[in-house]
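Accompanying notes for the structure given below.
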Amino acid sequence: MYTMTGTRGYTLETEVQYLKGVGPKLAQVLSKLNIYTLGDLLFHLPRRYEDRRHFRKIAHARPGEAVTVAGKLVTVDNVKVRNNMTLTKAYLDDGSGVLELVWYNQPYMKDTLSKLRNSVIVAYGVVKESPYGLQMETPEWEDLPDGADPDSLLSVNRIVPIYPLTEGIRQKRMRQILYNAVQYAHLAPEILPRSVRERVDLPPIQQALQQIHFPDEENQIEPARRRLVFEEFFLMQLGVGMQRRQNQQERGIAMRIDEQRLNAQLQQLVPFELTNAQKRVIREIWSDMAQPHPMNRLLQGDVGSGKTIVAAAAILAAVDNQYQAAMMAPTEILAEQHYINLHRLFQPLGISVELLVGRLSNKQRQQARERVASGRGMVAVGTHALIQEEVNFARLGLAIVDEQHRFGVLQRAALRDKGLMPHLLVMSATPIPRTLTMTLYGELDVSILDEMPPGRKPVKTHWKTPEERLKVYAGVRKLIEEGRQAYVICPLIDESDKLQVRAAEEMAEHLQKDVFPDLRVGLLHGRMKPAEKEAVMEQFRAGELDILVSTTVIEVGVDVPNAAVIVIEDADRFGLAQLHQLRGRVGRSEHQSFCILIANPKSEDGQRRMEIMARTTNGFLIAEEDLKIRGPGEIFGTKQSGMPSFRVADLVKDMGLLEVARQEAFRVLEQDPDLSKPEHAALRDAVSRFRHRFALATVS
Ligand code: ADP
Ligand code: MG
């Protein structure tokens, strides 16, 4: 335990430059690690620990081992060697033997060490065999001033924390600063209610901070870390819970839902029987829309599970109530596809659908906007063009965001702001693990489409090498002869868009001329004009092309059920989520479909991805693997997707604890919905700081 030596009026907000041993220059260095205050410093946690408690007799040290030794410093000298390199050599004698310590190009070490000649120092490092005996290169070391308590050593004779560093600060210095900071750990308020701490079995905050930095025993580290992780999750979930409550108190549009009539209408419009999952989810959505507060719902369903028709059912209900509906898609190709589908679907009812995308002429755009603004256009489908300032709705009652993960929180909010508290439905095919859903969309209600339309066969996935390409093409030809269509996805090239286009063009040319001269090959890439893209998509949809060579522009949402094979070139260069999305372009009908991954992966990661794809079509499994390989930050970006960046918690490692934190948070809110009880004052402050940090409130 550490004793206090007066607090000097510090608070957690105190800037680091005023702390003992820091100063403005070092503060500058620390700012590169996002450390500005004493509080930040306390949360700069070790990335690992080294157990340096047990001294080893030099005579017993074995080469290759990391050991701590204590001995008398005997000689110190600088030696010049080739290339102008200076070695500082010192010898440590502990009675059992002599160890050579070596530093490279730190000539000043000689002065430092010379002052300590004949006194005892402690050194830690890996022992090596050299021609002159045992040696330790650039050891971590500390001197033991006469009469000093060996317990006061920071870098040796204890479990030593190893911190993340940046240029301008060394491990030993960082450790010293943290040691000083930890003397103020008692300043951190205990925000967790005692009952929660007892149920979850968590140490108090002061103890957790002390032990995570300078653990007394190895087994103190995990509980300390667990406590800090829990606290972060708990604050987040309290924020989420309070947000949900706030949403529920908002006044929205209570729509009149005549389920029977709407169902009958839907049945007439849709050429197939809805799956039970679709029926259930539609009921959930309609029941939300009948509430006097706005719907906030996430619809999750794997690629091909039939989300579009669910969206159509929601639109139908809104229009039935004389409210407009807007549906936003991340790509122009997808927006056009939704437009075509909804237009076809709603035509018999005389419901007009407007398209708002970038490719429209000024006049077309003007007219579409006018129809939307006057309320004659009841349904608007589009890309980002929908949320531009000039777009105004007469009576927007429902906002739908498709492929939600492609949009940020702000765009969601912008679409919603086109109306007065319209109902919001966001749809995502990204099968996010449940814990991540709680993090990213915790303030939303979740509906899951967990059933594929009948007759779907899982896509058969094969991993082939480039040498086997001709065999692959023969297989493609066979399917086309049976009446199916094919996608060929071009390799990803990092260098530039231009090269990417060139590669796609070459691929299309090669396939048309050399491989499939008798078939109809089309080309689609991002640099084409939107109208050209749409024309090619239309041809492919109409079956006028057998093969569509494409870059990843078709990655999300594209639905051509007759396409039964997708060949992905250089497949190992794509991430798992992307491969799963691409594969989702096939397997959208009763025809057996195939996904061929052509790859010769060099990295282990690449191999693992190919194996996972070949092994499973389960989007949730794939997402969890993806999370393990890449981590949540990379998958969801940071700020703009609303993905919180935790200081301590790791969403992959700590998933289990997130569930516990959610339960505990909701339990507290049940008793004290806005944390207004006096014993929750510190907690309420912490939650509001946390929400501020993550801008959780931006959703509504
Ligand atoms: P998602 O957006 O979930 O990936 P879509 O809404 O594009 O999936 O639907 C995929 C395909 O399945 C479309 O061709 C759609 O018409 C079809 N479909 C959807 N629901 C059913 C159903 N209940 N029965 C048969 N086909 C369906
Ligand atoms: Mg879709």
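Worth saying up front: this structure is predicted, and the values here are computed from it rather than measured. Order of listing sets the numbers, starting from 1, for every ligand and every atom in it.
- Atom numbering of ligand 1 starts at 1 in the shown order; those under 4.0 Å from a heavy atom of P561 are 14 (O).
- Atom NZ of K279 has more than 12 heavy atoms from other residues, nucleotides or ligands within 6.0 Å.
- For the ligand labelled ligand 1, residue S305 lies inside the 4.0 Å heavy-atom shell.
- Set against the non-hydrogen atoms of T275, the atoms of ligand 1 under 4.0 Å away are 23 (N).
- Less than 4.0 angstrom separates some heavy atom of V303 from each of these atoms of ligand 1: 4 (O).
- The closest protein non-hydrogen atom to atom 20 (N) of ligand 1 is Q278 NE2, 3.0 Å.
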Would E336 and R359 count as a salt bridge (Lys or Arg N to Asp or Glu O under 4.0 Å) here? Give the steps.
CA-CA 11 Å; E336 304 254 6; R359 76 161 166 86; 2.5 Å; yes
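- The backbone N or O of A599 lies less than 3.5 Å from a partner atom in the side chain of W463, making a donor-acceptor pair.
- Of the protein's heavy atoms, G304 N, 2.7 Å lies nearest to atom 4 (O) of ligand 1.
- Taking distance alone, with nitrogen or oxygen atoms compared against 3.5 Å, I309 stays at or beyond that limit from ligand 1.
- Taking 4.5 Å as the limit, every side-chain heavy atom of T308 sits out of range of all side-chain heavy atoms of M427.
- Remark: the backbone N or O of A394 is paired with a side-chain donor or acceptor of Q324 at under 3.5 angstrom.
- For atom 13 (C) of ligand 1, the nearest protein heavy atom (residue, atom name, distance) is D559 OD2, 3.0 Å.
- Proximity of a side-chain donor or acceptor of R369 to a complementary backbone N or O of N392 within less than 3.5 Å is not detected.
- You'll find the side chain of F594 stays beyond 4.5 Å of the side chain of V586, heavy atoms only.
- When side chains are defined from C-beta on, W286 counts as touching N263, because their heavy atoms get closer than 4.5 Å.
- In terms of N/O distances under 3.5 Å, ligand 1 is not approached by F272.
- The distance from ligand 1 to the heavy atoms of E273 drops below 4.0 Å at these ligand atoms: 22 (C), 23 (N), 24 (N).
- Side-chain contact between H580 and R583: present, with at least one pair of heavy atoms (C-beta onward) separated by less than 4.5 Å.
- Put simply, the side chain of T275 does not reach to within 4.5 Å of the side chain of M452, judged on heavy atoms.
- Close contacts of ligand 1 with T308, meaning ligand atoms under 4.0 Å from a residue heavy atom, involve 2 (O), 5 (P), 6 (O), 7 (O).
- Near G306, meaning under 4.0 Å from one of its heavy atoms, ligand 1 places the atoms 1 (P), 3 (O), 5 (P), 6 (O), 8 (O), 9 (O), 19 (C).
- Q337 places a side-chain N or O within 3.5 Å of a backbone atom of D559 that can act as its donor or acceptor partner.
- In L274, the part holding a heavy atom less than 4.0 Å from any atom of ligand 1 is the backbone.
- Taking any N or O of Q337, backbone or side chain, none lies under 3.5 Å from an N or O belonging to ligand 1.
- Of the listed options K279, K307, R588, R588 places a heavy atom closest to atom 7 (O) of ligand 1.
- The shell of residues lying under 4.0 angstrom from ligand 1, judged by heavy atoms, excludes M427.
- Using a non-hydrogen distance threshold of 4.0 Å, A429 does not register as a contact of ligand 1.
- With a 4.0 Å cut-off on non-hydrogen atoms, R456 touches ligand 1 through its side chain and not its backbone.
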